[in-house]
Each structure stands twice: as structure tokens, then as C-alpha cells.
Amino acid sequence: MLSRISQLGARLLRETRAAGTLSTNSNNYYRGQVSRHLTPAKSILFSTATTSSHHDEGSEDKEKISVTFVNKDGTEKTISVPVGMSMLEAAHENDIELEGACEGSLACSTCHVIVMDVKDYNKLEDPTDEENDMLDLAFGLTETSRLGCQVIAKPDLDGVRLALPAATRNFAVDGFVPKPH
């Protein structure tokens, strides 16, 4: 592969010289350009800090949707979720008891939620094979079950209602002892 790249580079160099756009004196030109850019800049100040008011404007501009979580005991909590955020992240930021033992890496089913309206469920992307594999392990699986880490807020999900199942299966906590390979 390297020799092929070298051959291609040599060919381009030959063709460019043949066209007369690159002469042997051009090395001096390029050397001057490089040294000019390598000299230290004096009196030019750089800053990566932003003002807090500018930062706040960006967060206010982000579109939000309304999501209602129905807890195990039937109580409801409605929250505002920024578009693009997962329901797992939104639940954690709003003190909703949605476990998420694997932190959204698709390695458990503890963030299992039930989409209460089929119309809202049909607005979601189809679950991946990996998500379906984890959902197979979920407690209280239904036709509208999804993993909260995979449900991402988007404008057409505004008003969605998500129920938390009565229990989760967290093998690391529920007495599961991994066996060595």
C-alpha cells in the first residue's frame, strides 16, 4: 500500500513539473512561507473563555419537549427535555428513578420504559438488534417497551408518556455472580 502511495505521489510531482507550475526554485518560496508562519506572534491574545450570558443564550435556544414519567406507584412527573437527549439522561437530571446500570451502553435492561401510547411508540426509530436483545431480559416486557437510553427526544414526541415498570432485572445487584470464562 505504501509503495502505491509513493508511486502516486511521484507521478503527481512529475506531472506538476511537466506542466510548469512547480519549479526547483519553489522550495525557497515554500521555505520562506513556512518560516514566516513559525515566527512567534507578539501582541496577539487568544481566549477560549466565553461570557456566561452568551453560554446561557445557547442553552435557552435549544428546543425542548414535554415528557411525562409515570412512576411505579402511579404518580406522574412531567419534565422538559431538550431535543437530542435520551430519556435516561433526562430522568437522571430530574431525579426520576430510572436505573440505567450500564450508563446507556446497551449492556443491560434497567432503563426499560413502556411507551404508553402506541401512536407515540410508532414515532420512534425501530429498535436495533442490540436493543431487542437487552429488552428480552427486561422485567414486564410489553409491545411498546423500549430502553430509555435509546429513546431520544425529538419534536414529534412532545407530550409522550413513559411508564416505569414495577421492577428491573439488574443481574449485578440481584445476586448474579459472573462465572469466569
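Put simply, CD on E97 and CG on N71 are 7.0 Å apart, with the number rounded to the nearest 0.5 Å. Atom CG of residue L98 and atom SG of residue C149 lie 9.0 Å apart, to the nearest 0.5 angstrom. Taken from CD in Q150 to CG in L124, the straight-line distance is 11.0 Å, to the nearest 0.5 Å. L147 CG to E131 CD: the interatomic distance, rounded to the nearest 0.5 Å, is 4.5 Å. To the nearest 0.5 angstrom, T144 atom OG1 is 6.5 Å from I114 atom CD1.
Criterion: ILVMFWY side-chain heavy atoms under 4.5 Å apart, direct or through other members. Under it, V113 and I152 are not part of a common hydrophobic cluster. Hydrophobic clustering of Ile, Leu, Val, Met, Phe, Trp and Tyr side chains at less than 4.5 Å, counting indirect connections, keeps V151 apart from M134. Both L141 and L137 are members of a single hydrophobic cluster when ILVMFWY side chains are connected at heavy-atom separations under 4.5 Å.
The two residues Y121 and S145 come nearest to each other via the heavy atoms CE1-O, 3.9 Å. Heavy-atom minimum distance, A153 versus V81: CB-CG1, 3.8 Å. Residues S80 and P82 approach most closely at O-CD, 4.1 Å, considering heavy atoms. Of all heavy-atom pairs between T110 and G100, the closest is OG1-N, 3.1 Å. Nearest approach of V115 to R146, heavy atoms of both residues: CG2-CG, 4.5 Å. Looking at every heavy atom in both residues, V70 comes nearest to M116 through CG2-SD, 3.5 Å.
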Notebook entry, point to check: Could you walk me through whether L135 and H112 pass the side-chain contact (heavy atoms from CB on, under 4.5 Å) check?
Noted result: CA-CA 7 Å; L135 280 170; H112 170 218; 4.1 Å; yes
Margin query: What verdict does the side-chain contact (heavy atoms from CB on, under 4.5 Å) test give for I96 and L164, after you've listed the backbone C-alpha separation in whole Å, the side-chain angles of each residue and the deciding distance to 0.1 Å?
Written below: CA-CA 10 Å; I96 295 170; L164 303 180; 3.9 Å; yes
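For the pair V160 and T68, the minimum side-chain heavy-atom distance is 4.5 Å or more. Proximity of T78 to V67: side-chain heavy atoms (C-beta onward) are nowhere separated by under 4.5 Å. With a 4.5 Å cut-off on side-chain heavy atoms, F69 and M87 count as touching. A heavy-atom distance below 4.5 Å is found between the side chains of P155 and E63. Using a 4.5 Å heavy-atom cutoff, the side chains of E99 and C111 are not in contact.
At least one donor-acceptor pair closer than 3.5 Å links the side chain of D73 to the backbone N or O of T75. Although no hydrogens or angles enter the test, the distance criterion places no donor-acceptor pair under 3.5 Å between the side chain of E93 and the main chain of A90. A distance-only check finds a donor-acceptor pair linking the side chain of K154 to the backbone of K123 [under 3.5 Å]. Side-chain N or O atoms of K77 include one that pairs as donor or acceptor with a backbone N or O of N94 at under 3.5 Å.
For E76, the CD atom counts as densely surrounded, since its 6.0 Å shell holds more than 12 non-hydrogen atoms of other residues, nucleotides or ligands.
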